[in-house]
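Side chains included, hydrogens not; waters and symmetry mates left out as well; all remaining heavy atoms used. Reminder, nothing fancy here: chain letters follow the sequence lines and each chain counts from 1. On a predicted model such as this, the values are computed, not experimentally measured, just so you know.
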Protein chains: 2
Amino acid sequence: MIPRQQVEKRVAEFLETCRRQGVKATHQRTEILRELAGSEEHPDAETILARVRKRIPAISVDTIYRTLRLLEDRGVIARVGSMRDRARFDANTDRHHHFVCTECEMIGDFCSDAMDRIPVPLEVSEMGSVEGVYVELRGICRKCKQKAMKTKGPT
Amino acid sequence: MIPRQQVEKRVAEFLETCRRQGVKATHQRTEILRELAGSEEHPDAETILARVRKRIPAISVDTIYRTLRLLEDRGVIARVGSMRDRARFDANTDRHHHFVCTECEMIGDFCSDAMDRIPVPLEVSEMGSVEGVYVELRGICRKCKQKAMKTKGPT
DNA sequence: AACTCCTTTCGTAATAATTACTATTTAGGA
DNA sequence: TCCTAAATAGTAATTATTACGAAAGGAGTT
Ligand SMILES: [Mn+2]
Ligand SMILES: [Mn+2]
Ligand SMILES: [Zn+2]
Ligand SMILES: [Zn+2]
């Protein structure tokens, strides 16, 4: 579980960003971010909608998608997950990367100093200027592997 | 431009894979792969469809998508590009990574031994078994940067 | 060749995810 | 408080992708 304190810190940062950038800090936006910041599972838009609806029953699909785009564009949240599935979101802006299970779509966080320290290859500098990195390790999670064992029988 | 020879090598490999896996090597599949293997731009499904239609006018949308999924599942091609845009495809199976321009969606290839040598963090091994890596550097390409210069004026 | 059986394709319909539209509401400043 | 541009709700539209059913293809058999 993510500490309430940290969630509120992210929300406060967002409210500050709004003030600086002349964007309105609405109830809807705040609750969407609060929901996402309190989750460790990198939920998709639909899941976020369902959860925020518990607190704001009349919130619309449009607002969810529009807000997620807004937050992403301002760098408050990030879009994660592989192309084959629907978009997933992440309010954790600390530098980290993801492990994705190709079976159940579970997404886990990890850090790697080694990875973060790699310089941008010259080849890339010639293509353009790099502003962000996205690293995703793909495989089968523990849970899915065990499930496969039970079904097919052990090795 | 990609040498004809290399394109045909990839096509031949695919035909071999078909034989081994008991999948039919149809004209449609062959032409879709040939088109993709001959392109350096990581085209999307729609683009591939339009191009293959020049040679097989009656080919259907279904066949394009079904075939792309088949090829991806067999590891013959890969799906690339970031979540915000439509899926893009790549028939280059040599280990490499991508630079993506967030402005014009241009996708360029690059290699990085440093990146490929990084061991999987323990943290990740505990989550599951890693079977693939996807690395994407994001930024603004040269062309888009120059365009921005002309519009807004230089620094 | 004609027959059989299974795979694949075409043409089109359906679905799923995301985005757009417009009347109405609201945040935040004067 | 009052005003106004910005944002939202409810719904329609769009886009990308997948599903379906009838027809075609292809390989082995007679
Ligand atoms: Mn994360
Ligand atoms: Mn590539
Ligand atoms: Zn899993
Ligand atoms: Zn560009």
On the nucleotide [N], are OP1 or OP2 found under 4.0 Å from the side-chain N or O atoms that [X] carries?
X	N	answer
A:Arg86	C:dT18	no
B:Ser60	C:dT9	no
A:Gln28	D:dA9	yes
B:Tyr65	D:dT18	no
A:Arg66	D:dT8	yes
B:Arg69	D:dT18	yes
B:Arg84	C:dT19	no

CD on B:Glu8 to CZ on B:Arg34, rounded to 0.5 Å: 4.0 Å
Spacing of A:Met1 atom CE and A:Gln6 atom CD [to the nearest 0.5 Å]: 11.5 Å
Residue pair B:His42 / B:Asn92, side-chain donor-acceptor N/O under 3.5 Å: no
Single-linkage hydrophobic cluster, 4.5 Å side-chain cutoff, A:Ile2 and A:Val80 together: no
Options C:dC10, D:dA7, C:dT18, nucleotide nearest the side-chain atoms of A:Val23: D:dA7
Between [N] atom [atom2] and [X] atom [atom1], what is the distance in whole Å?
X	N	atom1	atom2	value
A:Phe14	C:dA27	CZ	P	13 Å
A:Arg20	C:dG28	CZ	P	15 Å
B:Arg79	D:dA16	CZ	C1'	11 Å
A:Glu31	D:dA9	CD	P	12 Å
A:Glu46	C:dA16	CD	P	10 Å
A:Arg19	D:dA6	CZ	P	18 Å
A:Leu70	C:dT19	CG	P	13 Å
A:His27	C:dT26	NE2	C1'	12 Å

Residue met sooner reading DNA chain C from 5', once B:Thr26 and A:Thr26 are mapped to nucleotides: B:Thr26
Is any side-chain heavy atom of [X] less than 4.5 Å from a side-chain heavy atom of [Y]?
X	Y	answer
B:His27	B:Ile56	yes
B:Met115	B:His97	yes
B:Leu33	B:Val7	no

Donor-acceptor pair, side chain of A:Thr30 and main chain of A:Thr26, under 3.5 angstrom: yes
A:Ser39 side chain vs A:Glu41 backbone, donor-acceptor pair below 3.5 Å: yes
Salt bridge (Lys or Arg N to Asp or Glu O under 4.0 Å) between A:Glu131 and B:Arg138, intermediate numbers included: CA-CA 6 Å; A:Glu131 291 172 355; B:Arg138 293 168 182 169; over 6 Å; no
Sugar-phosphate, base or nothing in reach of B:Arg29, heavy atoms under 4.0 Å: sugar-phosphate
Could I get a table of every N or O pair under 3.5 Å where one atom is in the protein and the other is in nucleotides 22-25 of chain C?
none

Please tabulate the protein-to-nucleotide N/O contacts below 3.5 Å involving nucleotides 23-26 of chain D, giving atom names and distances.
{"residue": "D:dG25", "atom": "N2", "partner": "B:Lys24", "partner atom": "NZ", "Å": "3.3"}

